[in-house]
There are 2 protein chains.
Amino acid sequence: MPIPRAKPTISQVAEVAGVSRASVSRAFTNPHMLGEATVARILGVAEDIGYVPNRTARALSTGRTGNVALVVPDIANPFFPPLIQAAQSLADKSDFCVFLGSSGEDPAQEDKLLSRFADQVDGMILVSSRLPEDRIRHHADARPLVLVNRDVNGIPRVLIDSGVGVAQAVSHLADLGHRRIVYLGGPSQSWSNRQRSAAVHKSARAAEMVVETINALVPTHEAGRQAAGAIRETGATAVIAFDDLLAQGVMAGLSELGLSVPGDLSVVGCDDVLGAATYPALTTVSNRSVEAGEQALSLLLDHFRSGALGDVRFLMDTHLVLRATTAARSLGRQAGVAQPVRKGA
Amino acid sequence: MPIPRAKPTISQVAEVAGVSRASVSRAFTNPHMLGEATVARILGVAEDIGYVPNRTARALSTGRTGNVALVVPDIANPFFPPLIQAAQSLADKSDFCVFLGSSGEDPAQEDKLLSRFADQVDGMILVSSRLPEDRIRHHADARPLVLVNRDVNGIPRVLIDSGVGVAQAVSHLADLGHRRIVYLGGPSQSWSNRQRSAAVHKSARAAEMVVETINALVPTHEAGRQAAGAIRETGATAVIAFDDLLAQGVMAGLSELGLSVPGDLSVVGCDDVLGAATYPALTTVSNRSVEAGEQALSLLLDHFRSGALGDVRFLMDTHLVLRATTAARSLGRQAGVAQPVRKGA
DNA sequence: GGCAATCATGCAACCGGTTGCGTTGTCAAG
DNA sequence: CTTGACAACGCAACCGGTTGCATGATTGCC
């Protein structure tokens with residue numbers, strides 16, 4: 001009739017079972033080193049008095065914590081939760097616990113979080129890091145690190161290649177007759193933003209379109225709404241936003257200005273986080289965040305087992321998801337600038 | 001010219017500074033026990049060789065980990081991220097790290113997570129727990145525990161009282177002439193669901209309305225969509241859904257069935273997670289998830305400091321947010337049952 | 001029947017901090 | 001000059017496990 005007030009320790013199990021602490025430890029970690037009968041007895045006693053190995057103590061001794069850290073810029077941004085969910089769920093299957101950190105898009109904060117996590121985790125996943133490259137390398141030096149949507153040479157990374165989808169978006173707009181578009185950019189430190197921006201410009205150049213860039217500091221609905229005015233000023237007939245949140249904000253802002261979508265302007269988002277929930281349903285670029293989360297965690301686990309993995313660069317492609325926010329260029333809204341004749345197709 | 005390959009330990013600092021390990025420890029935790037000059041020297045050496053106290057070792061020694069756990073049923077459910085964000089952000093300010101767990105709406109999984117977290121945290125926050133009461137008590141016995149949206153006597157809890165808002169919704173529908181409504185329920189283990197269901201029934205009774213209940217097992221868009229058929233069969237003219245996800249799914253499903261909202265049926269959601277993003281904009285009940293997250297974490301921190309806090313029951317009220325998915329009962333769709341005359345107002 | 005290999009288990013050091021208590025040194029009061 | 005109080009710091013045990021090595025007991029084999 002054991003009365004386990006405080007958590008039972010290995011010593012108590014040892015005493016009750018009449019063996020040494022070492023044997024108890026081995027019964028849990030290396031049962032084959034012990035006699036079957038002994039193992040059974042020890043496990044039985046442990047069960048009885050409700051003993052369960054202390055992860056902290058184990059971590060201190062072995063250096064392995066059984067924890068991983070996941071850091072994102074903003075939990076509330078709907079792009080991340082599915083990714084987090086996927087990673088956490090997979091971690092769970094390998095008996096890992098996951099620390100979650102949200103940096104609020106602030107590099108300093110991100111840095112602080114990583115330092116705090118460093119000595120309690122076996123590795124970390126950095127999603128859409130806003131950190132300068134040298135800081136990333138610094139942390140990667142301390143612990144196994146996997147990046148998501150950030151491309152740093154020599155550090156394992158999984159990248160959602162939105163370039164493909166964005167390129168499709170641009171040529172789709174071109175096909176609809178748009179000659180002047182704006183790219184509403186996201187965080188300047190964001191790899192995805194740079195990639196999308198580059199894709200827009202490159203594709204637009206190929207299609208001989210004019211593209212103006214307006215930058216939103218943070219990818220939020222509100223920032224998008226506020227950008228609507230500036231977008232109108234450009235005289236563009238279509239806008240590609242860094243992500244769906246911004247796109248949705250733009251739609252709201254445009255609506256307040258009395259402009260209709262896609263009647264007056266076409267809008268395309270990115271990441272497909274809102275499904276078909278907006279009205280009109282947002283044309284956007286698909287995401288692969290669930291797979292990205294799984295892949296990142298999977299890479300990390302591989303790293304734990306096999307020592308180190310080389311220069312992994314896992315690329316996932318995307319595509320345009322056509323819905324209802326794009327239409328042929330409205331004749332009522334001319335760009336007001338000389339339009340180069342579009343050649344080809 | 002120190003070459004700190006492996007993480008420096010307290011012993012190395014001690015050696016370099018020419019003091020005992022105890023003094024180094026105290027320089028960080030109890031500086032006033034040491035001479036000013038000594039503290040300065042130790043801190044200087046630590047800075048030089050890049051020493052930072054190991055949280056795991058400290059935890060083992062003191063019993064305090066500096067971590068908290070946060071467990072939710074489903075990270076991807078948009079109700080939770082703002083709450084998580086708020087809690088994590090607040091934890092951060094007190095130098096706490098947060099473990100995140102997602103149970104996938106599964107009590108067994110939730111139980112497993114809590115056990116895994118138990119010995120590495122100072123306390124936990126259980127959001128919308130699906131656990132039976134005795135299991136909750138069991139875990140609360142092991143570690144300080146704060147509940148969100150779950151009402152268990154004697155355990156600190158913060159509750160978002162959606163009853164008020166739901167009651168407003170019902171009487172709003174009554175005012176619009178609806179006589180027969182359906183309540184599309186959520187997870188049966190959910191306190192919020194029981195609370196909302198009770199509020200619907202009570203208010204409906206007061207208004208002499210008939211309410212049928214249909215249960216969705218999980219609160220997802222898909223589940224809502226699939227419930228649309230059953231809803232139509234009831235002949236009801238309005239539906240109140242457990243949450244916005246279900247409501248949005250219902251709208252999608254209704255639309256597929258050729259029914260319009262609010263023309264044929266009125267729909268009201270709960271939690272206001274989608275903002276005005278749906279079309280038509282969803283009438284719903286406000287939430288307070290950010291405050292709930294902050295409050296929960298705050299209670300936990302209080303508990304750490306003051307030992308134990310009594311039987312806290314923090315209630316936050318809500319209200320109906322009128323948007324565009326409710327309208328007067330369509331005359332074209334009679335409920336097909338005898339309608340009691342509504343008395344009063 | 002004696003010796004070596006093998007198996008099962010214990011001993012004790014270690015992981016990196018924290019902390020109760022004892023020791024040393026200093027200074028002021030008696 | 002002794003004594004007492006106090007400040008500053010070191011000793012060593014401890015937190016709860018893990019693990020290299022040693023030991024004693026079997027067993028196999030010649």
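Proteins get letters first, then strands, A, B, ... in listed order; numbering begins at 1 in each.
- Between D/dC15 and A/Arg58, no contact under 4.0 Å exists linking OP1 or OP2 to a side-chain N or O.
- A straight line from CG of A/Asp119 to C1' of C/dC15 spans 13 Å, rounded to a whole angstrom.
- Using a 4.0 Å heavy-atom criterion, one finds that B/Tyr51 contacts the sugar-phosphate atoms exclusively.
- Here B/Ser11 lies out of heavy-atom contact (under 4.0 Å) with every strand.
- At the heavy-atom level, B/Ser25 lies under 4.0 Å from base atoms of the strands shown.
- Looking at heavy-atom distances under 4.0 Å, B/Thr56 makes no contact with the nucleic acid at all.
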Report all interatomic pairs (protein N or O, nucleotide N or O of nucleotides 11-13 of chain C) with separations under 3.5 Å.
none

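- Tested against A/Thr65, the residues A/Asp122, A/Thr56, A/Asp119 include a single side chain to side chain donor-acceptor pair (under 3.5 Å) partner, A/Asp122.
- One interatomic measurement links the two molecules: CZ of B/Arg55 to C1' of C/dC15, which rounds to 18 Å at whole-angstrom precision.
- Between B/Arg313 and B/Asp151, at least one side-chain nitrogen of the basic residue sits less than 4.0 Å from a carboxylate oxygen of the acidic one, meeting the salt-bridge criterion.
- Distance, B/Leu60 CG to D/dT18 C1': 12 Å, rounded to whole Å.
- Backbone-only engagement by A/Val19 is indicated by non-hydrogen atom pairs under 4.0 Å involving sugar-phosphate atoms exclusively.
- When the nearest nucleotides of DNA chain C are assigned to B/Val52 and A/Gly18 by heavy-atom distance, the more 5′-ward of the two goes with A/Gly18.
- Residue contacts shown for B/Thr9 are limited to sugar-phosphate atoms, with no base heavy atom under 4.0 Å away.
- For A/Ile42 and D/dT18, the CD1 to P distance is 12 Å, given to the nearest whole Å.
- In this structure, B/Thr62 does not reach the C/dT18 phosphate: none of its side-chain N or O atoms is under 4.0 Å from OP1 or OP2.
- Note: CD (B/Gln120) to C1' (D/dC15) measures 16 Å, nearest angstrom.
- The pair B/Glu110-B/Arg130 does not count as a salt bridge, with every side-chain nitrogen at least 4.0 angstrom from each carboxylate oxygen.
- Rounding to whole angstrom units, NE2 of residue B/His32 and P of D/dA8 are separated by 10 Å.
- Regarding A/Asn54, its CG atom lies at a distance of 14 Å from the C1' atom of D/dC14, rounded to whole Å.
- Per the geometry, CE belonging to A/Met33 stands 15 Å off P belonging to C/dT6, to the nearest Å.
- Other residues, nucleotides and ligands contribute at most 12 non-hydrogen atoms within 6.0 Å of the CG atom of B/Leu217.
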